Participant: 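Below you will find the structure I want to go over with you.
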Amino acid sequence: MRYWLMKTEPSVFSFEDLRKRPRSTDHWEGVRNYQARNYLRDEMRKGDKVLFYHSQCAEPGVVGVAEITREAYPDFFCWNRRSKYYDPKSTPEHPRWFMVDVTWKRAFRRTVTLKEMRDIPGLRKMKVLQKGQRLSIMPVTKEEFAIVSAMGMTEER
DNA sequence: GCCAACGTTGGC
DNA sequence: GCCAACGTTGGC
């Protein structure tokens with residue numbers, strides 16, 4: 001099993017939005033970066049665990065845990081002219097972009113903030129903390145996942 | 001809204 | 001294949 005961190009802007013699609021979807025599951029469309037696409041298409045497997053990260057908000061950080069429940073399949077938003085993710089270069093015959101299904105698992109008792117994570121020695125190499133790292137999907141080590149999960153389950157900082 | 005750090009595009 | 005221009009991301 002692998003571990004991931006996936007970013008969203010809560011004003012667009014939040015962790016709570018995911019929880020409220022039927023079966024607390026939704027497709028993760030709109031990945032339009034090749035490196036993120038490769039992670040998603042080639043390495044994400046059903047059952048992988050996800051740190052769900054909120055960006056572009058008052059308190060950027062990890063808010064809970066989700067799980068990959070369907071492996072990569074073509075992102076059909078590419079084929080919808082009205083979608084902001086429309087991309088005529090991705091066709092049903094030769095899809096360029098993919099999505100996975102993600103299922104809400106549990107909310108943390110509090111947000112594990114970016115700021116806070118920077119001070120944890122065990123997270124020093126975590127990709128999301130590295131300068132210039134902007135991918136919306138990044139791998140996380142088992143240890144990093146365990147540390148962040150444990151932080152999210154304790155009230156105090 | 002600013003700006004650093006990318007990634008992509010397209011002329012040459 | 002180079003690289004300038006442009007677009008995007010995301011913390012602050």
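Just so you know, these numbers come straight off a predicted model, no measurement behind them. Numbers restart at 1 for each chain; the letters A, B, ... are given by sequence-line order, proteins then strands.
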Participant: Of all the choices, B:dC6, B:dA4, B:dT9, which nucleotide is nearest to the side chain of A:Arg134 once you look at every atom?
Facilitator: B:dC6

Participant: Specify the separation, in whole Å, of atom CD of A:Glu59 and atom C1' of C:dG10.
Facilitator: 16 Å

Participant: Figure out the CD/P separation between A:Glu116 and C:dC12, and round it to whole Å.
Facilitator: 13 Å

Participant: Less than 4.0 angstrom between a side-chain N/O of A:Tyr53 and OP1 or OP2 of C:dG11, yes or no?
Facilitator: yes

Participant: For A:Phe52 and A:Phe13, take the angle between the two ring planes, folded into 0 to 90°, and tell me which bin it lands in: parallel under 30, tilted 30 to 60, perpendicular over 60.
Facilitator: tilted

Participant: Can you tell which of A:Val140, A:Thr113, A:Leu5 makes a side-chain contact (heavy atoms from CB on, under 4.5 Å) with A:Val62?
Facilitator: A:Leu5

Participant: Counting just side-chain N and O atoms, does A:Lys7 come under 4.0 Å of either OP1 or OP2 of C:dG10?
Facilitator: yes

Participant: Could you please name the option among B:dA5, C:dG11, B:dG7 that lies closest to any side-chain atom of A:Lys131?
Facilitator: B:dA5

Participant: What is the distance from CG of A:Asn33 to P of B:dG7, rounded to the nearest Å?
Facilitator: 7 Å

Participant: Using OP1 and OP2 only, check whether a side-chain N or O of A:Lys89 sits under 4.0 Å from B:dT9.
Facilitator: yes

Participant: Describe the nucleic acid contact of A:Lys84 in one word from base, sugar-phosphate, nothing, applying a heavy-atom distance below 4.0 Å.
Facilitator: nothing

Participant: Could you state the interatomic distance from CE (A:Met117) to CG (A:Leu51), rounded to the nearest 0.5 Å?
Facilitator: 8.0 Å

Participant: CD of A:Gln133 versus P of B:dA4: gap in Å, rounded?
Facilitator: 19 Å

Participant: If I take atom CD1 in residue A:Ile137 and atom P in nucleotide C:dT8, what distance separates them, rounded to the nearest angstrom?
Facilitator: 19 Å

Participant: In whole Å, I'd like the distance from the CZ atom of A:Arg96 to the P atom of B:dG7.
Facilitator: 17 Å

Participant: Identify, between A:Gln56 and A:Arg32, the residue whose nearest nucleotide on DNA chain B lies closer to the 5' end.
Facilitator: A:Gln56

Participant: Give the rounded distance in Å between these two atoms: CZ of A:Arg118 and P of C:dG10.
Facilitator: 13 Å

Participant: Does the plane of the ring in A:Phe77 sit parallel, tilted or perpendicular to the ring in A:Tyr85? Use 30° and 60° as the thresholds.
Facilitator: perpendicular

Participant: Measuring only between side-chain heavy atoms, which start at C-beta, is A:Phe108 closer than 4.5 Å to A:Met153?
Facilitator: yes

Participant: Find the distance A:Gln35:CD to B:dG7:P and express it as a whole number of Å.
Facilitator: 7 Å

